[in-house]
Amino acid sequence: MPELPEVETIRRGLLPVVRDRRIAGVARRPVALHGRPIPDLAPLLRARITSLGRRGKYLLWRTADGGPVLVMHLGMSGRVLVTEDSDMCDPRRALAADRHVHLALALEGGGLIAFRDPRRFGQLALLSDEAAVSRHPALAALGPEPLGADFTADYLYRRLRTSRASVKARLMDQSVVAGLGNIYVLEALHLTGIRPTRRADRIGYQRCARLVVGIRSVLEEAIAAGGSSLRDYRLADGSLGYFQHRFRVYGRENRPCARPDCDGTITKRAQAGRTSYYCPVCQR
DNA sequence: CTTCAGACCTGGTGGC
DNA sequence: TGCCACCAGGTCTGAA
């Protein structure tokens, strides 16, 4: 899936296209996404999109006058497709043309937004207003934004010191910090010289402080690069992100460690049902 | 309580 | 070429 940098890149690319556009037609496929049916989209009809927000890996489509909010999570394989082609503005046709498109919104004046997710691990919810957004269980459970002021060394130290789980599992827990996934956790841990398998409660304050800085810098660099394109992911305009060329550890088993003064070799191993990559020499 | 394996899905890849 | 096992950016559940 898109992790925070990919979702943020999509948000930035989409915003100028959809802002102030009115929704002229809607269609949904009768399939389950993340085990739940796609909500009725009728409340979106005639609504005007005013902003596109992001919280963790969630995209929030807001509409004018306190109207409904579409909450979208891209799961592992979700994408948002946009076409400004005025011929392609029938949402039902968009669903018929591609069996992995599960939601389509036609824009007044031409153009179409489609949510495509082959694996169907994504999530869609339509909330009636801002109050419902703050009550949404998954959103309410999210920890601080890693690029926000609340994500501090004090905070992270407090959240790590009480857990015997691995630091990697802890950082991937969205209630600790919102938006990190497998790739960026591993990248940040390499940057800060911490082994993914290290127990969270064995990490001191100074290392937490470095981790906060490292997480921020990895995310900022990735956003600047337009995210990472592996498999499905594309920017809003269909182009590719290029942060994957800057990976220090992810997918780099048996390659030399990228740290200049380190002669280690990147190791791959299964951890908590996922794959971890790290340098056994400089990550402790 | 916390932690972790398994389930949920499809598609792409690499081995035989 | 075909078949099959395995792997993939995430999240939730239930069991230990």
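In what follows, chains are A, B, ... by sequence order, proteins preceding strands, each numbered from 1. Because the structure is predicted, anything quoted here is derived from the model rather than measured.
Between A/H73 and C/dG10 there is no side-chain polar atom (N or O) within less than 4.0 angstrom of OP1 or OP2. In terms of phosphate contacts, A/R119 brings no side-chain nitrogen or oxygen within less than 4.0 Å of OP1 or OP2 of B/dG11. The side chain of A/H100 contributes an N or O atom lying less than 4.0 Å from OP1 or OP2 of B/dG11. A sub-4.0 Å separation between OP1 or OP2 of C/dA8 and a side-chain N or O of A/S77 is absent. When the side-chain nitrogen and oxygen atoms of A/Q174 are compared with OP1 and OP2 of C/dT11, one or more of them lie within a distance under 4.0 Å.
As a whole-Å value, the separation of A/L142 CG from C/dG10 C1' is 13 Å. Protein atom CD1 of A/I183 is 17 Å distant from nucleotide atom P of C/dC7, rounded to whole Å. When rounded to the nearest whole Å, the span between CZ of A/R55 and C1' of C/dG10 equals 17 Å. Atoms NE2 (A/H34) and P (B/dC9) sit 11 Å apart, rounded to a whole Å. Atom CZ in A/F115 sits about 15 Å away from atom P in B/dC9, given to the nearest Å. In this structure, A/R79 atom CZ and B/dT10 atom C1' are separated by 15 Å, rounded to whole Å. Remark: C1' of B/dA7 and CE of A/M76 are 13 Å apart, rounded to the nearest angstrom. Summarising the geometry, the separation between CD on A/Q271 and P on B/dG6 is reported as 16 Å, rounded to the nearest angstrom.
Nucleic acid contact for A/G181: sugar-phosphate only, since backbone atoms but no base atoms lie under 4.0 Å from a heavy atom of the residue. Backbone-only engagement by A/R99 is indicated by non-hydrogen atom pairs under 4.0 Å involving sugar-phosphate atoms exclusively.
Helical stems in DNA chain B, defined as runs of 3 or more consecutive Watson-Crick or G-U wobble pairs with donor-acceptor distances under 3.5 Å: B:2-8 with C:10-16, B:10-16 with C:2-8.
Comparing C/dT11, B/dG11, B/dC9 against the side chain of A/F121 picks out B/dC9 as the nearest. The A/T275 side chain lies nearest to C/dC7 when the options are B/dT10, C/dC7, C/dG10.
Going from the P atom of B/dC1 to that of C/dT11 covers 23 Å, rounded to whole Å. Straight-line distance between the P atoms of C/dC6 and B/dG6: roughly 14 Å, to the nearest whole Å.
A salt bridge is defined here as a Lys NZ or Arg NE, NH1 or NH2 lying under 4.0 Å from an Asp or Glu carboxylate O, and A/R48 with A/E108 fails to meet this definition.
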Check: Stepwise, does the side chain to side chain contact (heavy atoms under 4.5 Å, CB included) test hold for A/L211 with A/L171?
Finding: CA-CA 10 Å; A/L211 202 40; A/L171 292 175; 4.2 Å; yes
Would you list the protein and nucleotides 1-4 of chain B atom pairs, both N or O, that sit under 3.5 Å from each other?
unit_1 : atom_1 : unit_2 : atom_2 : d
B/dT3  : OP1    : A/S163 : OG     : 3.0
B/dT3  : OP1    : A/R164 : N      : 2.7
B/dT3  : OP1    : A/A165 : N      : 3.1
B/dT3  : OP2    : A/S163 : OG     : 3.4

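Side-chain contact between A/H190 and A/V249 is present, with at least one heavy-atom pair separated by less than 4.5 Å. A heavy-atom distance below 4.5 Å is not found between the side chains of A/S175 and A/L142. A/D98 places a side-chain heavy atom less than 4.5 Å from the side chain of A/R116.
One N or O on the side chain of A/R29 and one on the backbone of A/L95 form a donor-acceptor pair closer than 3.5 Å. Between the side chain of A/R92 and the backbone N or O of A/A27 there is no donor-acceptor pair closer than 3.5 Å.
For the residue pair A/Y205 / A/D154, a side-chain donor-acceptor distance below 3.5 Å is found, with atom types taken as modelled. For the residue pair A/Q271 and A/S166, a side-chain donor N or O sits within less than 3.5 Å of a side-chain acceptor on the partner.
Applying the ring pair (Phe, Tyr, Trp, His ring centres under 6.0 Å) test to A/Y184 and every residue at least two apart in sequence or in another chain returns A/F243.
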